[in-house]
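As the structure is a computational prediction, the values presented were derived from the model and not from experiment.
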Amino acid sequence: MDCCAYDRQFNARHAEDDLREYRRDGPTGLTRALIEALSAGGIEGKSVLEIGGGVGTVHHELLRAGADAAVDVDASRAYISAAREESERQGHADRVDYRVGDFVALADVIEPADVVALDRVICCYADMSSLVARSAALAKGRYGLVYPRYSVLSRIAIAVLNVGFRLSRSPFRSYLHRTAEVDAILADHGLVRRLHRTTLIWQLAVYERPNA
């Protein structure tokens with residue numbers, strides 16, 4: 001899928017709505033739990049890589065908590081624009097490097113980071129194995145992601161979503177990936193799972209590189 005599909009799905013209207021919600025409510029649900037887990041024990045001086053960051057909730061909060069710098073890679077130009085606008089409002093625009101494009105295609109020119117985050121990203125990407133493997137390779141310390149549980153309910157929900165995309169002639173699709181397959185890829189890259197939480201549809205998993 002090219003970036004135009006992401007631009008169409010994650011457009012300016014959606015970005016404006018999400019930015020307004022973030023400014024009103026701050027991080028919520030598993031996103032808040034992800035941020036807390038990634039910053040546990042102190043985030044001061046750490047570098048952050050956020051992939052598919054949307055309006056940048058994760059990197060904004062980690063920078064506010066003391067992280068030194070962040071890179072945000074997103075295939076949606078509207079969301080990159082919204083994230084940059086918010087970083088300017090919060091006063092840390094000079095500490096964030098924004099990259100527009102497919103992370104897998106850009107991974108060779110992205111520097112490793114102490115903390116890597118993918119919040120509701122792998123469900124938007126067909127080639128999960130490449131996305132997880134290439135992002136895991138850049139994690140020097142912690143790695144966290146939020147993605148759908150592999151369950152009957154999730155399978156039904158994603159099937160319904162994809163019917164809607166087809167009817168609207170959108171090339172965008174949602175994907176459901178097996179938890180065991182995600183775990184195996186991360187284990188192959190030396191990351192050990194330290195936290196796992198679930199809701200009805202979503203799951204949060206946070207990993208660490210031993211002795212990092």
Side-chain angles (χ1 to χ4, degrees), residues 22 26-75 79-80 83-84 86-88 90-122 124-125 128-147 182-197 202-212:
Y22 168 60
T28 60
L30 289 185
T31 298
R32 174 175 289 280
L34 171 64
I35 292 164
E36 291 173 350
L38 292 176
S39 59
I43 193 72
E44 291 80 6
K46 303 291 187 180
S47 57
V48 177
L49 169 59
E50 185 172 16
I51 299 165
V55 301
T57 300
V58 173
H59 71 261
H60 295 318
E61 295 299 313
L62 293 179
L63 288 167
R64 282 158 53 92
D68 184 59
V71 175
D72 178 22
V73 183
D74 202 303
Y79 273 92
I80 284 287
R84 183 181 284 114
E86 182 61 15
S87 69
E88 291 170 353
Q90 293 196 23
H92 52 237
D94 60 331
R95 293 189 285 146
V96 188
D97 179 11
Y98 289 103
R99 310 280 185 94
V100 179
D102 179 344
F103 167 77
V104 171
L106 295 174
D108 286 340
V109 295
I110 303 293
E111 293 294 322
D114 297 304
V115 172
V116 175
L118 297 88
D119 186 6
R120 295 172 173 85
V121 178
I122 67 172
C124 300
Y125 204 80
M128 177 276 292
S129 59
S130 292
L131 177 58
V132 173
R134 303 217 69 181
S135 56
L138 295 178
K140 296 193 291 184
R142 287 180 180 161
Y143 181 101
L145 70 169
V146 177
Y147 64 110
V182 175
D183 280 341
I185 294 168
L186 293 168
D188 285 346
H189 283 78
L191 291 160
V192 178
R193 192 167 76 180
R194 302 299 193 193
L195 174 68
H196 186 238
R197 295 182 186 172
W202 299 95
Q203 60 184 323
L204 160 67
V206 176
Y207 303 76
E208 287 184 345
R209 198 171 295 285
N211 304 317

Exercise. Closest heavy-atom contact between Leu30 and Arg120?
Worked result: CB-NH2, 4.2 Å
Seminar exercise, completed: Tightest non-hydrogen contact, residues Pro27 and Thr57, listed as CB-CG2, 3.7 Å
Exercise. If every non-hydrogen atom of Gly190 is compared with every non-hydrogen atom of Pro210, which pair is closest and at what distance?
Worked result: O-CD, 3.3 Å
Problem set entry | Inter-residue atom distance Leu34.CG - Leu195.CG, 0.5 Å rounding | 9.0 Å
For this session: Please report the shortest heavy-atom distance between Ala136 and Arg209, naming the atom on each side.
Result: O-NH2, 3.0 Å
For residues 37-51, tabulate all N or O donor-acceptor pairs below 3.5 Å that involve a side-chain atom, not counting sequence neighbours.
{"unit_1": "Ser39", "atom_1": "OG", "unit_2": "Ile35", "atom_2": "O", "d": "2.8"}
{"unit_1": "Ser39", "atom_1": "OG", "unit_2": "Glu36", "atom_2": "O", "d": "3.4"}
{"unit_1": "Ser47", "atom_1": "OG", "unit_2": "Asp114", "atom_2": "N", "d": "2.9"}
{"unit_1": "Ser47", "atom_1": "OG", "unit_2": "Asp114", "atom_2": "OD2", "d": "3.1"}
{"unit_1": "Glu50", "atom_1": "OE1", "unit_2": "His59", "atom_2": "N", "d": "3.0"}
{"unit_1": "Glu50", "atom_1": "OE1", "unit_2": "His59", "atom_2": "ND1", "d": "2.6"}

For this session: Decide yes or no for Arg193 and Leu186: does some side-chain heavy atom of the first lie under 4.5 Å from some side-chain heavy atom of the second?
Result: no
Problem set entry | Leu118 side chain reached by Tyr125 side chain, heavy atoms, under 4.5 Å | no
Exercise. Can any side-chain N or O of Arg142 pair as donor or acceptor with the backbone N or O of Val206 at less than 3.5 Å?
Worked result: no
Exercise. Taking side chain as C-beta onward, heavy atoms only, is His92 less than 4.5 Å from Leu63?
Worked result: yes
Exercise. If you round to the nearest 0.5 Å, how far is OG of Ser129 from CD1 of Ile122?
Worked result: 10.5 Å
For this session: Determine, stepwise, if the pair Tyr22 / His60 fulfils side-chain contact (heavy atoms from CB on, under 4.5 Å).
Result: CA-CA 11 Å; Tyr22 168 60; His60 295 318; 3.4 Å; yes
Exercise. Asp183 versus Tyr207: any side-chain heavy-atom pair under 4.5 Å?
Worked result: yes
For this session: Considering non-hydrogen atoms only, spot the tightest contact between Arg99 and Val109 and give its length.
Result: NH1-O, 3.6 Å
Exercise. Near Glu111 CD, under 6.0 Å, is it more than 12 heavy atoms from other residues, nucleotides or ligands?
Worked result: no
Exercise. Does the side chain of Trp202 come within less than 4.5 Å of Thr31's, by heavy atoms?
Worked result: no
Listed pairs under 3.5 Å, donor-acceptor, residues 64-75 side chains, sequence neighbours left out:
{"unit_1": "Asp74", "atom_1": "OD1", "unit_2": "Ser76", "atom_2": "N", "d": "2.8"}
{"unit_1": "Asp74", "atom_1": "OD2", "unit_2": "Gly53", "atom_2": "N", "d": "3.2"}
{"unit_1": "Asp74", "atom_1": "OD2", "unit_2": "Gly54", "atom_2": "N", "d": "3.0"}

Exercise. Is any side-chain heavy atom of Val58 closer than 4.5 Å to a side-chain heavy atom of Val115?
Worked result: no
Exercise. Heavy atoms, side chains only, cut-off 4.5 Å: are His196 and Gln203 in contact?
Worked result: yes
Problem set entry | Nearest heavy-atom neighbours spanning Ala93 and Glu88 | CB-CG, 3.6 Å
